[in-house]
Amino acid sequence: MTHFGKFKIFNWVSSNFVGSNKTPLSSMMSLFNIAESPMFYRTKRIVQAENGQSINPVSRTAAQTALLEYLYVTRNIQFTDADNMSKNSPHFLEKLLVKVDIDADIGHSITRFLCFHPINEFEPFFESLGLKPRDYNPLLPRDLMFLCDDDLLLENYHVLCNYGIARSKIGKIYKEAGEVFGPYLLIGEVNADFVKVLEILRKEGVDISRIEDHLSEKSSYDWSKLLALLNLLRHAGYNEEQLGGLISRHLGIFFEDSVDRIYLLIGFLLKFGSTMNQICSMFLQFPQMEFEEFFSNLRHCFLFLNEIQMEAHEIRNIFRSHPLMLGSCRLKKPNTLRLALHAAEKRMCEVIQESPQVLKKWVMGSKVKRLPNLRLKSRKLKTKFLLDLGIVDNSNKIGKALKVFRGSGEKFQERFDCIVEAGVSREDACEMIKASPQILGQSKDVLEMKIDFLVNKVGYPVSYLVTFPSYLNFTTQRVELRLAMYNWLKDQGKSVPLLSLRSLISLSDKKFINEYVNSHPRGPEIWQNLKKEIYAE
């Protein structure tokens with residue numbers, strides 16, 4: 001886990017570490033290939049100090065040793081840091097030598113001087129990072145002298161060192177992107193995942209500088225998870241333009257500590273039957289809102305539908321078809337809506353299934369209208385249907401007709417259309433309904449099944465319904481059983497009268513059994529066998 005605050009490190013790292021034609025590692029090696037080596041800091045054989053005194057290499061080495069001992073032993077600075085500062089700060093060392101007698105024991109003189117005159121440790125530190133005095137003087141802290149007082153600077157410095165950046169190059173980072181060393185930017189391991197994320201973002205055309213506004217010092221970011229998410233979306237079908245556009249429009253989703261929530265959302269929608277293509281499409285249309293709010297709304301909608309006892313498969317269908325709408329709605333509590341709508345849970349479920357968009361009218365802060373009275377609505381629809389078709393030609397007869405035509409008015413039209421679509425003329429269908437109103441009390445699916453059985457199993461034309469509309473009031477099992485028994489009797493050579501389909505199925509069970517089934521010794525046995533077989537199917 002790596003803590004990040006608002007920073008410009010992205011710009012600096014992405015431009016120096018991530019190249020369009022290089023791998024992240026090879027790009028960074030341009031900074032690493034100059035390791036600290038004595039040859040880069042080779043002194044002249046005889047150096048002249050600012051006071052005109054000549055300093056030979058032996059004296060310089062003694063001075064470096066004294067400075068190292070002071071930094072490491074007295075000031076308790078890490079040995080590698082103290083060693084680097086003592087060996088790679090020639091300007092500071094010269095300034096220090098001016099203040100002591102170089103003709104005496106230089107090491108002892110410097111040690112004695114440092115005991116009574118503490119130095120500004122930031123000067124040799126910055127110089128050892130590759131900065132000249134003219135570069136680091138403006139950067140020196142005004143109220144600090146000791147490195148240990150700036151623990152953030154040291155911690156971030158050590159992270160960069162451990163990652164492999166040459167110490168002599170870190171000064172360039174401090175000069176060009178000093179914020180890197182300010183907040184808790186690089187605590188932990190700056191690993192390859194972080195660099196790969198930057199590489200993907202740059203490749204997708206994302207403006208890296210905008211990311212800093214979405215990072216917080218108080219949050220932590222697992223770059224391996226973000227990298228895995230970006231790769232998941234790429235493999236799911238996003239092209240570079242789509243992924244880049246998504247990230248640019250919704251930077252907060254990816255950088256405001258929401259990656260774990262994104263994984264939860266994906267798993268949540270997959271569980272409801274959504275495909276990755278559908279989920280990717282949803283993200284492309286994601287609304288301009290906080291991801292946490294979206295996820296919370298989605299979860300609240302699930303709890304709401306579950307509390308009003310909607311069936312699991314119906315909840316699944318709604319979530320699969322309307323995830324964006326559900327995530328954008330903060331619904332009122334079920335009890336509040338029950339009172340406002342004057343509706344029970346079953347009615348609420350029916351309304352939602354009929355039009356899921358109604359949920360947008362039931363959000364917090366909205367004024368909810370009472371649902372219309374179902375009985376009144378059904379009566380109006382039935383009245384309109386009967387008058388439009390001319391089944392009732394006088395409004396004064398409506399009251400009597402409504403008692404005959406029972407059922408939901410809103411379903412009458414589709415059931416009537418079902419009969420017309422089967423091949424019956426509109427006029428004949430009206431006459432059928434007048435003769436047998438109970439027809440409209442059956443569902444469309446049941447009517448279609450009965451008509452199909454008449455035409456394809458019994459072998460009658462659909463026009464037969466005009467002469468015998470009551471056929472639609474009998475079950476297909478009754479028709480099949482009567483025909484099977486009648487045909488068996490004929491096959492047995494039993495002399496039975498020629499019966500029409502109307503007569504065959506209109507007889508009561510008692511009369512049919514007495515007159516036909518019992519006319520043969522094995523009739524009752526065959527009747528029971530056929531009945532079990534047909535009704536079992």
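Not measured: the values here are computed from a predicted model. Computed over heavy atoms, backbone and side chain alike; hydrogens, waters and symmetry mates excluded.
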For side chain to side chain donor-acceptor pair (under 3.5 Å), just list the numbers for Ser470 and Arg502, CA-CA rounded to whole Å, side-chain angles, deciding distance to a tenth of an Å, and then say yes or no. CA-CA 9 Å; Ser470 294; Arg502 177 200 292 263; over 6 Å; no

Stepwise side chain to side chain donor-acceptor pair (under 3.5 Å) test for Gln285 and Ser281: CA-CA 7 Å; Gln285 304 171 61; Ser281 177; 3.2 Å; yes

What orientation do Tyr464 and Phe468 show, parallel under 30°, tilted 30 to 60°, or perpendicular over 60°?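 Aromatic pair Tyr464/Phe468 classed perpendicular.
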
Please work out which of the three classes, parallel, tilted or perpendicular, describes the rings of Tyr516 and Phe512, given edges at 30° and 60°.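 Judged by the thresholds at 30° and 60°, the geometry between Phe512 and Tyr516 is tilted.
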
Check for me whether the distance between the ring centres of Phe268 and Phe319 falls short of 6.0 Å.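 Yes - the distance between ring centres of Phe268 and Phe319 falls below the 6.0 Å cut-off.
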
Strictly under 6.0 Å, is that where the ring centroids of Tyr238 and Phe283 end up? no

Residues Ser506, Ser503; criterion side chain to side chain donor-acceptor pair (under 3.5 Å); working and verdict: CA-CA 5 Å; Ser506 296; Ser503 300; over 6 Å; no

Output, in order, the C-alpha distance, side-chain angles, deciding distance and verdict of salt bridge (Lys or Arg N to Asp or Glu O under 4.0 Å) for Asp452 and Lys457. CA-CA 8 Å; Asp452 177 73; Lys457 295 291 181 67; 6.0 Å; no

Below 4.0 angstrom, N of the basic side chain to O of the carboxylate: do Asp509 and Arg482 qualify? yes

Test: Asp417 and Lys444 ion pair at under 4.0 Å: no

Do we see a donor-acceptor contact under 3.5 Å between the side chains of Gln477 and Lys531?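 No.
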
Donor on one side chain, acceptor on other, Ser436 and Asn473, under 3.5 Å: yes

Which residue in the set Ser321, Pro323, Cys329 passes side-chain contact (heavy atoms from CB on, under 4.5 Å) when paired with Met325?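 With Met325 as partner, side-chain contact (heavy atoms from CB on, under 4.5 Å) holds for just one option, Cys329.
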
Could you tell me whether Arg338 atom CZ has more than 12 heavy atoms of other residues or ligands within 6.0 Å of it?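 For Arg338, atom CZ is crowded (more than 12 foreign heavy atoms under 6.0 Å).
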
Taking atom NZ as the centre, does Lys332 end up with more than 12 heavy-atom neighbours from other residues, nucleotides or ligands that are less than 6.0 angstrom away? yes

Between Gln309 and Lys346, is the side chain to side chain donor-acceptor pair (under 3.5 Å) condition met? List the steps. CA-CA 8 Å; Gln309 299 181 27; Lys346 182 179 179 181; over 6 Å; no

Test Leu269 against Met282 for side-chain contact (heavy atoms from CB on, under 4.5 Å), laying out the working first. CA-CA 11 Å; Leu269 295 177; Met282 180 204 70; 3.7 Å; yes

